[in-house]
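Have a look at the structure below, then the notes.
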Amino acid sequence: MRHLLLIFLFAFANSGFAQQEICRTDILLGNKISIENQLSRFEQYDFSSVWLASEEETVYGILTDDYQRIQIKFTSIIKNTTFPNHYSVTGKSNVAGNIGDFSGEIIVDTIQQIVSENWGVDDEYKDKGIIFQGLLTGNYYFKETLSSPHAGSFEGTLKSLFLIDKDNQVAYNAIDMISDGYFNNAFVGTWTLYGSEKPEICNWGDYRVPYSKCDFDIGSGEFSVSDTYLKNGWENLKNN
């Protein structure tokens, strides 16, 4: 399944749609990471708090080439005790008032250290005892319940920024939050209606939509949808 997804994403990247300029592609904001995969070192840690940290109103998502707004909320994420890099997920999706329930899993496959560590404005985090700054990469597979309106399945890749704090606990990395381009928990992939063979683009993230067309989010300091897309479910954000 993962092999097929990668083939699709490669083909999608070479489609006519992908010829348009794409922004919000660098979750690291230029920071450098080690090439070493330290996944085994972190198997004992529980990363569920990173994905559950954001407030619902700060998570923005797009669906289909028209960038219809989709809202995603995780209701529970539980680490698998047998397979430590697997997490069972439940949540809700909302498109134009149609709310659906979904469940599935997140599988973490890579953890890399951020080697060009950033300590925030005036080094405000430098003396906080942070042990590790990292980038987590994985895959997700979610299926909506058949009773949900217009039900389908989500799959793709995710990237998350995290910290190991002074108490040796996983924490959400918000050090760069005041930076204009900051985003976190970048879910990039597709949604496919049950019974259809046509995957639709479906990306969401914290504070910005990852891998979205550059004419979509025109905000410099914060997320702001251009007038072109407001009619696709973004009207209430016009004055935000």
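Count residues from 1 along the sequence. The structure displayed is predicted, hence computed values, not measured ones.
Residues satisfying the ring pair (Phe, Tyr, Trp, His ring centres under 6.0 Å) criterion with His86, sequence neighbours excluded, are Phe83. Checked against salt bridge (charged side-chain N to carboxylate O under 4.0 Å, His left out), Asp101 has the following partners two or more places apart in sequence or in another chain: Lys92. Here Lys198 pairs with Glu200 under the salt bridge (charged side-chain N to carboxylate O under 4.0 Å, His left out) rule; sequence neighbours left out. Residues passing the side-chain contact (heavy atoms from CB on, under 4.5 Å) test with Lys73, sequence neighbours excluded: Glu56. Considering only residues two or more places apart in sequence or on other chains, Arg69 meets the salt bridge (charged side-chain N to carboxylate O under 4.0 Å, His left out) condition with none of them. With sequence neighbours left out, Phe102 forms a ring pair (Phe, Tyr, Trp, His ring centres under 6.0 Å) with Phe142, Phe154. In this structure, the ring pair (Phe, Tyr, Trp, His ring centres under 6.0 Å) partners of Trp51, at least two apart in sequence or on a different chain, are Tyr87.
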Check the pair Thr137, Leu158 against side-chain contact (heavy atoms from CB on, under 4.5 Å), reporting the backbone distance first and the verdict last.
CA-CA 6 Å; Thr137 304; Leu158 68 99; over 6 Å; no

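Members clustered with Ile35: none, using a 4.5 Å side-chain heavy-atom cutoff among hydrophobic residues. By the 4.5 Å side-chain criterion applied to Ile, Leu, Val, Met, Phe, Trp and Tyr, Leu146 is assigned to a cluster that also includes Tyr194.
Screening residues 142-220 for disulfide bond (SG atoms under 2.5 Å apart) gives Cys23-Cys214 as the qualifying pairs, with residues at least two apart or on separate chains. Residue pairs meeting the disulfide bond (SG atoms under 2.5 Å apart) criterion with at least one partner in residues 43-73, sequence neighbours excluded, are absent.
Ring pair Trp191/Tyr141: centre-to-centre distance not below 6.0 Å. For Phe162 and Phe47, the gap between ring centers is short of 6.0 Å.
A donor-acceptor contact under 3.5 angstrom links the side chains of Thr90 and Ser76, judged on distance only. With hydrogens and angles left out, the side-chain atoms of Thr190 and Glu155 include no donor and acceptor closer than 3.5 Å.
Using a 4.5 Å heavy-atom cutoff, the side chains of Lys79 and Ser48 are not in contact.
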When the side chains of residues 181-189 are checked against the rest of the protein, which donor-acceptor pairs come out under 3.5 Å, sequence neighbours left out?
from: Tyr182; atom 1: OH; to: Asn173; atom 2: O; distance (Å): 2.7
from: Tyr182; atom 1: OH; to: Asn184; atom 2: ND2; distance (Å): 3.4
from: Asn184; atom 1: OD1; to: Leu161; atom 2: N; distance (Å): 2.8
from: Asn184; atom 1: ND2; to: Leu161; atom 2: O; distance (Å): 3.2
from: Asn185; atom 1: OD1; to: Ser160; atom 2: OG; distance (Å): 2.7
from: Asn185; atom 1: ND2; to: Val50; atom 2: O; distance (Å): 3.0
from: Asn185; atom 1: ND2; to: Asp206; atom 2: OD2; distance (Å): 2.9

